[in-house]
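Just so it is clear: chains get the letters A, B, ... in the order the sequence lines come, proteins before strands, and each one is counted from 1. Worth saying up front: this structure is predicted, and the values here are computed from it rather than measured.
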Amino acid sequence: MVLEILQAGFMQRALVAGIAVALICSVVGLFLVLRRHSLFGDALSHMAFGGIAVGMFTQVYPLWTALIVSILGALGMTKLRQSTKISPDASVAVLLSSGLALGIVLIGLSGGFSVDLFSFLFGSILLVSFDDTAMILALAAGILAVMALLYRKLMYIAFNEEQAKVSGLAVNMLNYAFIVVASVTVIASIRLVGILLISSLIVIPNIAAMMLGKSFKKTIIISAAISVASVITGIFASYFANLPPGGTIVLTTIFMLLGIMGAKYAARKAKTVQTAVAENTSEPGR
Amino acid sequence: MVLEILQAGFMQRALVAGIAVALICSVVGLFLVLRRHSLFGDALSHMAFGGIAVGMFTQVYPLWTALIVSILGALGMTKLRQSTKISPDASVAVLLSSGLALGIVLIGLSGGFSVDLFSFLFGSILLVSFDDTAMILALAAGILAVMALLYRKLMYIAFNEEQAKVSGLAVNMLNYAFIVVASVTVIASIRLVGILLISSLIVIPNIAAMMLGKSFKKTIIISAAISVASVITGIFASYFANLPPGGTIVLTTIFMLLGIMGAKYAARKAKTVQTAVAENTSEPGR
Amino acid sequence: MASSKVLMIGMGAGAAVAIAIAVAAFATMGGSATTTPAAAPDNNNAEGAQKVKVIASFFPLYDFTRQVGGDRADVSVMVPPGVEPHDWEPTPQQIQRASSANMLVYNGAGFEKWVDAVGANFTVNTSEGMSLLNNEDPEEQKEHGLYDPHIWLDPVLAKHQVDKIREGLVKIDPPNADYYNANAAKFASELDALDSHIKSELSSCEKKDFIAFHEAFSYFSNRYNLTQHAVHDSLTPEGEILPQRLEELVKLAKDLDIHVVYSEELVDPRLAQVIASEIPNGRVLTLSPIEGLDEQEQAAGLGYLDKMREDVANLKVGLVCS
Amino acid sequence: MQIVNIDRVSYRYDGGYAIQDISFSAEEGDLVGIIGPNGSGKTTLFNCMLGILTGYSGTITIFGQDIRKSKAPLKQIGYVPQKHAIEPGFPATVEEIVSLGIMRGKPARERIITALETVDMAREKDRRIGELSGGQQQRVLIAKALVNDPALLILDEPATGIDIETQNRFYSLMTRLNKENKLTIIMSSHDLDAVNRLANRVACINRSMFFHGDTHEFFENEDLLKKYSEASMQAHMHLHSHH
Amino acid sequence: MQIVNIDRVSYRYDGGYAIQDISFSAEEGDLVGIIGPNGSGKTTLFNCMLGILTGYSGTITIFGQDIRKSKAPLKQIGYVPQKHAIEPGFPATVEEIVSLGIMRGKPARERIITALETVDMAREKDRRIGELSGGQQQRVLIAKALVNDPALLILDEPATGIDIETQNRFYSLMTRLNKENKLTIIMSSHDLDAVNRLANRVACINRSMFFHGDTHEFFENEDLLKKYSEASMQAHMHLHSHH
Ligand SMILES: Nc1ncnc2c1ncn2[C@@H]1O[C@H](COP(=O)(O)OP(=O)(O)OP(=O)(O)O)[C@@H](O)[C@H]1O
Ligand SMILES: Nc1ncnc2c1ncn2[C@@H]1O[C@H](COP(=O)(O)OP(=O)(O)OP(=O)(O)O)[C@@H](O)[C@H]1O
Ligand SMILES: [Mg+2]
Ligand SMILES: [Mg+2]
Ligand SMILES: [Zn+2]
């Protein structure tokens, strides 16, 4: 069964690209979640929509305007957060709303547009081409390299931005750099696997991992493991149950999260019972 | 001009319903923003999508399943956040992803769906009927009444959940009650004015108001004023410039936010210059 | 506004994404859509294996092809039931399925932009050789081609389409030529009957002007000497309606003393309702461009002819015919 | 009248026991000083008493009610937490924050002002809470605990970060409330001097309790004091040596 | 060698001046105690020195460099903030948090352990930072400031919430580093005793500076001490009476 499904080229490509996307989303995602930017992926896709509208309005190739507008929007959001006391999740919401409104108004101004371009936002992991796969592998390698390089600094900023600044880190620059990396991660991945998958891979494996790993390093490793496992499980499950792969992968991550929560809860319960028993048995001796 | 545009029934209704929606979104929104649930509106609309899919799958009237699934999802999210250390924005992201994945998988299972039902999520403020207007007015009155009733308690929880609990408030119950009110607000408004407007009205007027108002009361009043003003300005602007009203309203709120930020910045600059001048002139005397 | 994008979205991934980008969805852009394999009619069943496999692009052509092919052709449809076909796009799986069929029937006139991508074994362009109406709007030309594709709504032109389908079937399945010819002739006479039905029903009407939902009825109007207006000033039911346009429509209705605004099955009904609510004694009726039937209608066995008759009945109300 | 009774209370986090088998009680008018080194479980004990942590074993009774069964006692408790991470941008004034403390009776303006005056913050009442200095915020939280006219005060290192003058005023106020109004107070502190001056009873804990009794008994007993110091140095070893 | 020079520094928030016209300097090996009541501007002054607040007037020079122009001095400063709102769920161990402090040299394991040992927290190195008690977290942050082998320590009420034994150890350590290694330390505190014991210089501020000089000069001068107490009581009036 498994071998048979691996013979289809599109399944091979889905697995390879899916694993690459899972890795970068979970690594970049941990920092997004810790910065309270959990819905950054979702917001950025809306900005990309605005960017596509800009492209159609100005007759520039929309893929580029989408990328540029998204990154500018993300940088603007960072600036907004750095120069006001706005909470990070609210700044993400502003990014989302602005992108959307921009797109809609531009579309209104230009009196409609050719929708083909939206295919940009509507990837499906089964439709990944060979070139796409090569591209995402290269990009993933680059992104992971940058993240490895900035690892300690970004962790410091996630822990406490002010203390990081006081320690002499160029926090503002690093924030901009990170948000560009995150934007590239999201935009590159959206094209391949669609927005649904991105948002979930950013958040869910990381909150699951944060329940398990004590250290930062372990958290990253567990999160990557969970997201890669979900992608593989999800793709196989979607094949055998004939379900949409994106949705199936997301549901897999959610089940993993619930499983981990349940296990923790059970462990806690067992301990409490133990305690109670210990208490009771020790009582006579006092 | 202004009188003329007010003659059209749809413009009157847009204004009335728009103002009602602006009021409830900004009031409920302040608490959402303070709880770090800024993107709750967006997430809930995705849950509603899942709910519609449930309705189609089970052949139940989708409007009801949408409402029920959304509220259950929102309650589940609250439970998730209360029983783990997951940050609020991550729990919103989980809500969003789950709703979306649920919908997609169900649609996949049922092999497609009749899309009419989606009009549920895609309101436009211009298409509000008389009945809709009456409904939203009644609902808005109810929601504002509940919010007035719970005002101090919800403020306490927003300030510090743990302290509120220690003071004897039934925090968990209140959280559930609030999230139900917020869900009803969002679902009722989405049908009328579309998801775009909701998300923005929840967040943007409130972050602008938080820059201006020192007290909680003033913040609520300023936020309500900003959102009502944006709706009115946006509707008129969209009429005269022939632009989509939803997008225009959102851009109006964003311009107001930027205006307030600019004014604050200018005020700060002016003060610093004053200070510097004062410093310099006082120097000789020392 | 609203809706059209979603309407066009197939199921599965496309819809997912569209909703994810919530507004993209309701903001009306057409949809890039995809369909899960499960959604497409399954034509791999055993008994279908011996018949010629024909795939039609969307509902009217599916119905025409079924009429001509009878039980000797295994006919399926590309655009799934309940989905708006304007700007619809197939998924690779659907393309694959279509390319394995013996014949692909499509409307032409720029309605199906995806036809070339399919690389079908044999294609029938049902509008071939017809004199088509031009697409007047230069902006729209860029997106929707040079011509108005809504030929099927004119029974006379539909007869031409049926003939093209007959030709095609005869060509790929010569042994059954007589069968197909007979079926086509029978259906053509039904179309003739429809034509005269329309003529007689609309012979004594007070009005010539009606407000359709989108500009689908130009061929129809020309044939039966009516004047079409449309809520969506466009060949597709897409795009957000802006406040000024709403006002124009209300004024138009008032000026022409029109009391009925027509909506369609696959769009948000509120748009027509709002306009109707602004005009005296306004009401909303359905005037179907027959671009897609939902599953219930298909299950009920409704076809092109039934839908056309429904349209005529509804038009009679709006045009105040005796 | 017995206000608080803690009976063999234990609590364990994932890592192990933070408090084990703690018992003591406070009568009306007692001022109990809870002392113990960092990590000895003072905050954990308070969190159990206040319903923040629920998975403890043993029984906690406040105003005669088992707090596992009734949350009613909470409305009569004034509490000052050890940590107060106040959002810098939270849009509320000092006055509004103090008013949140009122769970009994009407949120009258005068009550708020009076409470603020006791910590010398009445003049700052219209400022945003987030703008205040750390010590000023701590003072506001003390006012918030007092404004409710509580029947029991639970203070977790309340004088932390407060300047000396205000500490002295605060301690005098505590003494007055305790002596004149017979207000029961349970207070943790690392300031042994203050505990010695204020408290009539002391509970010294270090995961488990190693002293509970009259204040002078503790402070006059060199052995106990020495034990406390040693505990201090070994505090960190306990939790982890036991699992 | 002059390590820090503060020259007529003022800072105003929206509400008015928090510090005004503050000047003092610290030579290598100085231990300067900054004292002043709540809201007197100690934290504001530190925030200006550390580049957290930038809109001040006047000049701050550290290691001879104007910190408005160069951020380089920061890498040689160890800083313990007054408030540390550590996210309870932040997924990092004590060891990892301390390692963040290392901005100079290699993040070697031994350095971290050594730093943790000075605050008696080495045994807790593998615990999650968010699980620790308030005082334990404060100790970890002290270790994080020390691990960088700083040339200047800036401590904002560092002993807050720390138990007595650890305070004593910490103060001895400060004395040792200060005396033996000639480490310059600037420390704010409300604990006048500790300042008296440790500091060789005192800066007493209350919005503006009203004393700056040798420690014994301050503590032997009854007038100054009285003035400090009065300032304490009037502290809150200053900010708002001036705008
Ligand atoms: N959430 C938690 N998870 C695991 N362990 C915890 C948690 N909170 C506290 N602990 C541990 O429980 C023990 C008691 O902590 P507690 O906060 O009660 O101490 P404390 O006496 O209040 O200390 P301090 O004087 O520093 O405030 C400590 O060892 C601490 O590390
Ligand atoms: N963000 C802010 N906005 C407005 N005013 C502020 C802000 N932060 C502090 N202040 C005010 O500036 C003054 C100085 O505050 P600062 O925190 O420097 O005092 P401090 O000496 O450190 O006090 P503490 O001993 O309580 O820590 C106070 O009156 C305070 O209310
Ligand atoms: Mg404590
Ligand atoms: Mg301070
Ligand atoms: Zn059409």
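Most heavy-atom pairs under 4.5 Å with chain E, from the set A:T219, A:V166, A:L34, A:L169: that is A:V166. Most heavy-atom pairs under 4.5 Å with chain E: of the set A:K218, A:K153, A:M210, A:K165, this distinction falls to A:M210. In terms of heavy-atom pairs under 4.5 Å with chain A, the best-connected choice from E:I77, E:N47, E:L50 is E:L50. With chain A as the partner, the residue from E:Q76, E:E87, E:K71 showing the most heavy-atom pairs under 4.5 Å is E:E87.
For E:I154, no part lies near chain A; criterion is any non-hydrogen pair under 4.5 Å. For A:A170, no part lies under 4.5 angstrom from a heavy atom of chain E.
In terms of heavy atoms, E:L100 sits closest to A:Y156 at O-CE1, 3.2 Å. The minimum heavy-atom distance linking E:A92 with A:M155 is given by the pair CB-CE, 3.9 Å. Nearest heavy-atom pair across E:D126 and A:K214 is O-CD, 3.9 Å. Of all heavy-atom pairs between E:F90 and A:F216, the closest is CZ-CE1, 3.9 Å. The two atoms that bring E:P81 and A:Q163 nearest to each other are CG-NE2, 3.5 Å, heavy atoms only. The two residues A:S215 and E:T93 come nearest to each other via the heavy atoms CB-CG2, 3.5 Å.
At a threshold of 4.0 Å, the pair A:K217-E:E96 does not count as salt-bridged, since none of the basic side-chain nitrogens sits closer than that to a carboxylate oxygen.
Taking a 6.0 Å sphere around NZ of E:K182, one finds it holds 12 or fewer heavy atoms contributed by other residues, nucleotides or ligands.
Taking the side chain as every heavy atom from C-beta outward, A:R152 and E:I102 approach each other to under 4.5 Å.
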